[in-house]
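This report refers to the structure that appears directly beneath it.
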Amino acid sequence: MPGGLEICSKLCCQIQSSARNGKLPTKRLIEGGKHSPKNVVLCACDMFQTFTLGDATSHTATVSITNDSAVKAIIIQIIGSRGPNTVEQALTQLLNLVHVDNPDHPQNKAKTVKNNGVAALYSLLGPNALELPRFLACCILSELAFQDEACCMAISIQPDMIKRLAELLRSSSSRTRYAACRTVYHCAAFCDLAGSFLVACPGLVHSVCKLAIDHEEG
């Protein structure tokens, strides 16, 4: 039986071959029973993720906050602020707290979920949202989902979150598409149930495959 890397390599080749023939692989690969929808999502995300976050990495630091009230105050700023600069500062603080390089990131992730941080981040992903807050919100979601099954579930059960991420894969700036793609990838990779919710979202698998194909061709 082929190993995971071999399966992924073969699937990448099938996605690329379909692209050269002008067809997206979703229906043939999934309905034909050759690959699970989750594996198609993971592989297509891998194909797309070939460049770094750039601006997002410059925001990371090892800031330590160890109480719920401090994390809650940041989330309240995100929800209640009317000024974009204040929102961006709050998002940067939260990104620093949940980033994997922060030694307290597991606790800070849990506090973020506990204090309705996922809903706050969702509120910044709409089509009329400013680009930088939307990008930072996606970066935070990606960090929350990384190696954290509880956070993956919190993201996947937030009403309309998966639908909004699917929309961002199609219509946002390149860096926001990348951050949204990372969020999808982490949710699918680190939580089986979240992966099931993802692939059940109409158009998401198609959007991820198209993103990978367009990036390969570009």
Side-chain angles (χ1 to χ4, degrees), residues 15-16 19 24 26 40-61 74-75 77-79 81-101 112 117-146 151-152 155-156 158-189 194 198 201-218:
I15 292 174
Q16 290 168 327
L24 284 171
T26 311
V40 172
V41 168
L42 289 172
C43 189
C45 286
D46 265 340
M47 290 171 63
F48 177 65
Q49 293 180 99
T50 57
F51 57 95
T52 63
L53 277 174
D55 289 350
T57 56
S58 67
H59 295 301
T60 59
I74 293 174
I75 293 170
Q77 276 190 304
I78 293 171
I79 297 172
S81 177
R82 297 182 180 178
N85 290 337
T86 303
V87 173
E88 290 163 12
Q89 290 171 2
L91 288 167
T92 300
Q93 283 184 291
L94 189 57
L95 179 58
N96 291 339
L97 291 173
V98 302
H99 193 273
V100 67
D101 288 342
T112 299
V118 172
L121 296 169
Y122 168 79
S123 71
L124 299 174
L125 302 183
N128 296 322
L130 295 176
E131 173 56 27
L132 182 54
R134 184 165 57 184
F135 166 64
L136 290 172
C138 284
C139 292
I140 294 168
L141 289 170
S142 172
E143 290 297 330
L144 287 173
F146 182 67
C151 286
C152 290
I155 291 168
S156 65
Q158 170 65 35
D160 289 332
M161 173 68 85
I162 296 175
K163 179 181 177 183
R164 188 61 53 81
L165 289 171
E167 291 169 353
L168 292 177
L169 293 174
R170 296 189 293 268
S171 61
S172 57
S173 69
S174 59
R175 65 178 184 174
T176 300
R177 285 198 303 273
Y178 178 76
C181 182
R182 276 171 52 101
T183 302
V184 169
Y185 180 80
H186 288 160
C187 284
L198 286 166
C201 176
L204 184 135
V205 178
H206 180 95
S207 294
V208 173
C209 287
K210 188 174 188 305
L211 198 63
I213 290 167
D214 289 348
H215 185 62
E216 286 287 310
E217 291 176 345

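Computation of the quantities below employed the complete heavy-atom set of this structure, encompassing side-chain atoms and omitting hydrogens, waters and symmetry-equivalent molecules.
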Atom pair [atom1]/[atom2] of [X] and [Y] - distance to nearest 0.5 Å:
| X | Y | atom1 | atom2 | result |
| --- | --- | --- | --- | --- |
| Leu141 | Leu95 | CG | CG | 10.5 Å |
| Tyr178 | Ser173 | OH | OG | 13.5 Å |
| Arg175 | Phe135 | CZ | CZ | 5.0 Å |
| Phe146 | Cys187 | CZ | SG | 12.5 Å |

Pair Arg170 + Glu167, salt bridge at N-O below 4.0 Å: no

Set of residues satisfying side-chain contact (heavy atoms from CB on, under 4.5 Å) with respect to Thr86, sequence neighbours excluded: Gln77, Ser81

Main-chain N/O of Cys138 paired to Thr183 side chain as donor or acceptor, under 3.5 Å: yes

Side-chain (Thr92) to main-chain (Glu88) donor-acceptor, under 3.5 angstrom: yes

Where [X] and [Y] come nearest, the two heavy atoms and their spacing:
| X | Y | answer |
| --- | --- | --- |
| Ala137 | Leu125 | CB-CD2, 3.8 Å |
| Ala180 | Leu165 | CB-CD2, 4.2 Å |
| Ile75 | Gly117 | CD1-CA, 3.7 Å |
| Arg177 | Leu169 | CD-O, 3.1 Å |
| Ile162 | Ser156 | CD1-O, 3.6 Å |

Would you say that [X] contacts [Y] through its side chain, given a criterion of any heavy-atom pair below 4.5 Å between the two side chains?
| X | Y | result |
| --- | --- | --- |
| Leu121 | Leu91 | yes |
| Ile140 | Leu144 | yes |
| Leu97 | Thr112 | no |
| His186 | Glu143 | no |
| Val87 | Leu130 | no |

Result of checking Asn128, Leu124, Leu168 against Arg134 for side chain to side chain contact (heavy atoms under 4.5 Å, CB included): Leu168

